[in-house]
Amino acid sequence: MTKQELAAKIWATANVLRKNIKASEYKDYILGFMFYKYLSDREIEFIKKEGGNVEELKHVTEADDIKYFRDNLGYFITYSDLFSSWQTLGKKLGAQVVTEAIERFYQSLSSKSARVFYVYHLDVDRHSGVFNALDAGLSKLGENIGSRDKAVRDIIDLVAQIPTQSQPYDMLGYIYEYLIREFSSEAKKDGAFYTPHELTSLMARIIAERLKDRSSGSDIEVYDPCVGTAGLLLNIGTEIGKYHDKDHIKYYGQELITETSNLAKMNLFMKEIKVDNLIIRNADTLDEDWPIDPKNHCGPLYVDAVTANPPYSAHWDPELHTSDERFRQYGLAPSTKADLAFLLHCLYHIKPDGIMAIVLPHGVLFRGGAEEEIRKNLIENNNIETIIGLPSNLFFSTGIPVIVMILSKNRAASDVLFIDASQSFQKDKTQNVLQESDVQRIYDAVIARQGIPHFARLVTKEQIVAEGYNLNIPRYISATQEEAPYDLYALMTGEIAKDELESFADCWQQFPQLRSKLFAADGSYSRFRTEDIAGVVHADEGIAAFQSDFQA
């Protein structure tokens, strides 16, 4: 069974099992059990690497032995609480078994791991953590003990189908991402949101290119104020990790929805990121400015890169932020559209030589009022580097087209690169998908910062000011190309118009003998000399030399 087939089966089974539970909530159970399975399997792998076996876990009861696991893994799961042990219990397995195991897991955490996975609330005498759904939420799975226990067994049977033997967690990561995507599609009204991997990859590559020359050995700090399930942070870590030691990348994230912030912690931990480098906070980003510099508790932390895909046109209360340092220099976004408030928050938290990339709706480019004033200040301060217009229907939760905006501080240049990638996609059922070639083309254009007909244009500040600080992409560039006129004579005779051949001028210049070998000219029209076009092309000395160089 391929991973795609496995994912589809899990999705189909999940739909049957969830019954009346909202899709956005049910994913928390599946993903929670998946994470617990990951932790159990990781512990088993660890004891095998240490020269032991699973059976020996039955006898790990001494404090020193447990401490050894906690020091190396950050936690300890007793033999009876392992996911694989649950599978042997049959009908003895139920909600109470899971709840008690989760409680013991929390108690086993090292102090570093507890900071990430567990929070104790003194004011209400309760705890919460990454396993909220499995700890406090199992009551939603059924109306009585019997139905709840059966639901628990069904979900565990479902999660047990995920293979982890050959390449331990690549498969798990794929299933994890698939479920988030599918549940987001199912649960649009619940506010679930999934950023396509291709888009996060593009943003991460642009940021990594900027940071690749940072001094080795120093920490690279990246931050997402609307972290979601941490897809953007993970991609940035992957790309930056090509140039820097991965253990020197620190991840900061803030998320409003508690369950989603827990998923972010799981996702980052499953990629074996050190807990010291994983700082995820559950709070409202606009109302609670964060992160705070640990060396200066009264001041903000400035990071190397910020990336974000904030909720579009969210409501907020600007009156509460009239003296907020984040917005003082630029202005306050309107109460019904907080898009530029999120942008300014991101910009505030980057270092003077840092970079940020943010996904926003097109409206921020041209709407008037307070947003126009903020735009004007951003342009006058030379903060905006690049604006990338993307295709519609890229997202599972909305069909609107969006932009990616790249910004920085203390920028000397004042021009803005506009890229219209609205036609750069492949159709996949009802969704438009960025292909790798589309991502590469956009990335190359961002790095080169040169004009490309119908795709990219470098615009001066003076031109933007002349347009009244309106940044609407069609004012500067359009991906729509004029359709070439039909040549009726060529269509009727099968001959080739001179203008059509001239469109390949670069090719004829690169391979000067090829055109005469392929075509016989007769006035303004040409015809093929041979039916074996491929044979003539590959026999050309220039082509052969090019292929040889390419292979080398």
Side-chain angles (χ1 to χ4, degrees), residues 181 184-185 188 193-207 231-232 235 307-313 337 339-340 342-343 356-367 371 375 378-379 384-407 415-460 463-464 467-484:
R181 185 186 72 186
S184 294
S185 177
K188 294 177 183 178
F193 198 78
Y194 173 82
T195 308
H197 173 78
E198 297 79 13
L199 182 53
T200 64
S201 176
L202 170 65
M203 297 166 71
R205 289 171 64 181
I206 293 170
I207 287 173
L232 273 167
N235 270 292
T307 184
N309 183 8
Y312 304 147
S313 300
K337 294 179 176 65
D339 307 297
L340 291 181
F342 282 108
L343 181 150
M356 64 165 281
I358 185 169
V359 183
L360 294 168
H362 271 264
V364 299
L365 300 177
F366 53 80
R367 291 191 295 240
E371 290 182 300
R375 244 186 353 260
L378 288 168
I379 293 164
I384 302 174
E385 293 188 12
T386 303
I387 297 170
I388 305 167
L390 295 164
S392 59
N393 287 318
L394 280 183
F395 295 87
F396 295 94
S397 55
T398 177
I400 66 169
V402 297
I403 63 164
V404 170
M405 196 179 291
I406 313 297
L407 302 96
D415 53 19
V416 176
L417 178 68
F418 288 83
I419 296 176
D420 188 342
S422 60
Q423 304 304 310
S424 300
F425 64 88
Q426 184 179 43
K427 197 76 175 175
D428 182 14
K429 297 179 181 177
T430 59
Q431 296 297 136
N432 294 331
V433 179
L434 287 173
Q435 301 176 91
E436 176 57 31
S437 57
D438 299 320
V439 172
Q440 184 67 44
R441 188 185 184 207
I442 297 169
Y443 170 79
D444 288 343
V446 171
I447 302 306
R449 293 191 71 80
Q450 295 177 352
I452 301 172
H454 301 288
F455 189 70
R457 182 185 172 195
L458 201 58
V459 179
T460 66
Q463 290 172 296
I464 294 172
E467 292 286 349
Y469 298 97
N470 189 314
L471 297 174
N472 199 17
I473 296 173
R475 285 187 176 235
Y476 305 98
I477 187 173
S478 173
T480 305
Q481 301 186 37
E482 292 183 10
E483 191 172 328

Report task. Might you work through the side chain to side chain contact (heavy atoms under 4.5 Å, CB included) test for His454 and Asp420, ending with a clear yes or no? Result -> CA-CA 7 Å; His454 301 288; Asp420 188 342; over 6 Å; no
Query raised in the report: Do Pro196 and Leu434 have side-chain heavy atoms sitting under 4.5 Å apart?
Result: no
Report task. Mind telling me whether Tyr312 and Phe395 have parallel, tilted or perpendicular rings, with 30° and 60° as the class edges? Result -> perpendicular
Query raised in the report: Side chains of Arg449 and Leu458: does their closest heavy-atom pair fall under 4.5 Å?
Result: yes
Report task. Going by the side-chain contact (heavy atoms from CB on, under 4.5 Å) test, name the single residue among His197, Glu198, Lys427 that passes it with Val433. Result -> Glu198
Query raised in the report: Just how far is it from atom CD of Glu385 to atom CD1 of Ile206, taken to the nearest 0.5 Å?
Result: 10.0 Å
Query raised in the report: Below 4.5 Å, heavy atoms only, C-beta onward: do Pro310 and Leu360 meet side chain to side chain?
Result: yes
Query raised in the report: Are Ile406 and Val404 close enough that some pair of their side-chain heavy atoms sits under 4.5 Å apart?
Result: yes
Query raised in the report: Atom CG of Leu202 and atom CG of Asp438: how far apart are they, to the nearest 0.5 Å?
Result: 10.0 Å
Report summary line: On a heavy-atom basis, the closest approach of Gly399 and Ser392 is O-CB, 3.3 Å
Query - Carboxylate-amine/guanidinium contact Arg375 Glu467, below 4.0 Å - result: no
**Report entry** Euclidean distance, Ile447 CD1 relative to Ile442 CD1, rounded to 0.5 Å
**Finding:** 12.5 Å
Query raised in the report: With distance as the sole test, does Asn393 use its side chain to make a donor-acceptor pair with the main-chain N or O of Asn432 at under 3.5 Å?
Result: no
**Report entry** Between OG on residue Ser478 and CZ on residue Arg457, distance to nearest 0.5 Å
**Finding:** 12.0 Å
Requested in this report: Look up atom CD1 in Ile473 and atom CD1 in Ile403, then write down how far apart they are to the nearest 0.5 Å.
Outcome: 6.5 Å
Query raised in the report: Are any side-chain N or O atoms of Asn472 and backbone N or O atoms of Pro474, one a donor and one an acceptor, separated by less than 3.5 Å?
Result: no
Query raised in the report: Are side-chain heavy atoms of Val439 and Arg205 found at a separation under 4.5 Å?
Result: yes
Query - Pairwise distance CD1(Ile388) to CE(Met405) - rounded to 0.5 angstrom - result: 10.5 Å
Report summary line: Nearest heavy-atom contact between Pro401 and His362 is O-CD2, 3.3 Å
Report task. Test Phe418 against Leu471 for side chain to side chain contact (heavy atoms under 4.5 Å, CB included), laying out the working first. Result -> CA-CA 9 Å; Phe418 288 83; Leu471 297 174; 3.9 Å; yes
Query raised in the report: Do you know the tightest heavy-atom contact between Pro361 and Ile400?
Result: CB-CD1, 4.3 Å
Query raised in the report: Is there a donor-acceptor contact under 3.5 Å from the side chain of Gln463 to the main chain of Thr460?
Result: yes
Query - Contact check, side chains of Ile419 and Phe455, non-hydrogen atoms, under 4.5 Å - result: yes
Query raised in the report: Tell me, do Leu365 and Arg475 make a side-chain contact under 4.5 Å, heavy atoms counted?
Result: no
Requested in this report: List the atom of Gln450, the atom of Ala456, and the distance in Å for their closest heavy-atom pair.
Outcome: O-CB, 3.8 Å
Query raised in the report: Would a 4.5 Å heavy-atom cut-off, applied to side chains only, mark Met203 and Asn235 as touching?
Result: no
Report task. Please name the pair of heavy atoms, one in Ile477 and one in Ile452, separated by the smallest distance, quoted to 0.1 Å. Result -> CD1-O, 4.4 Å
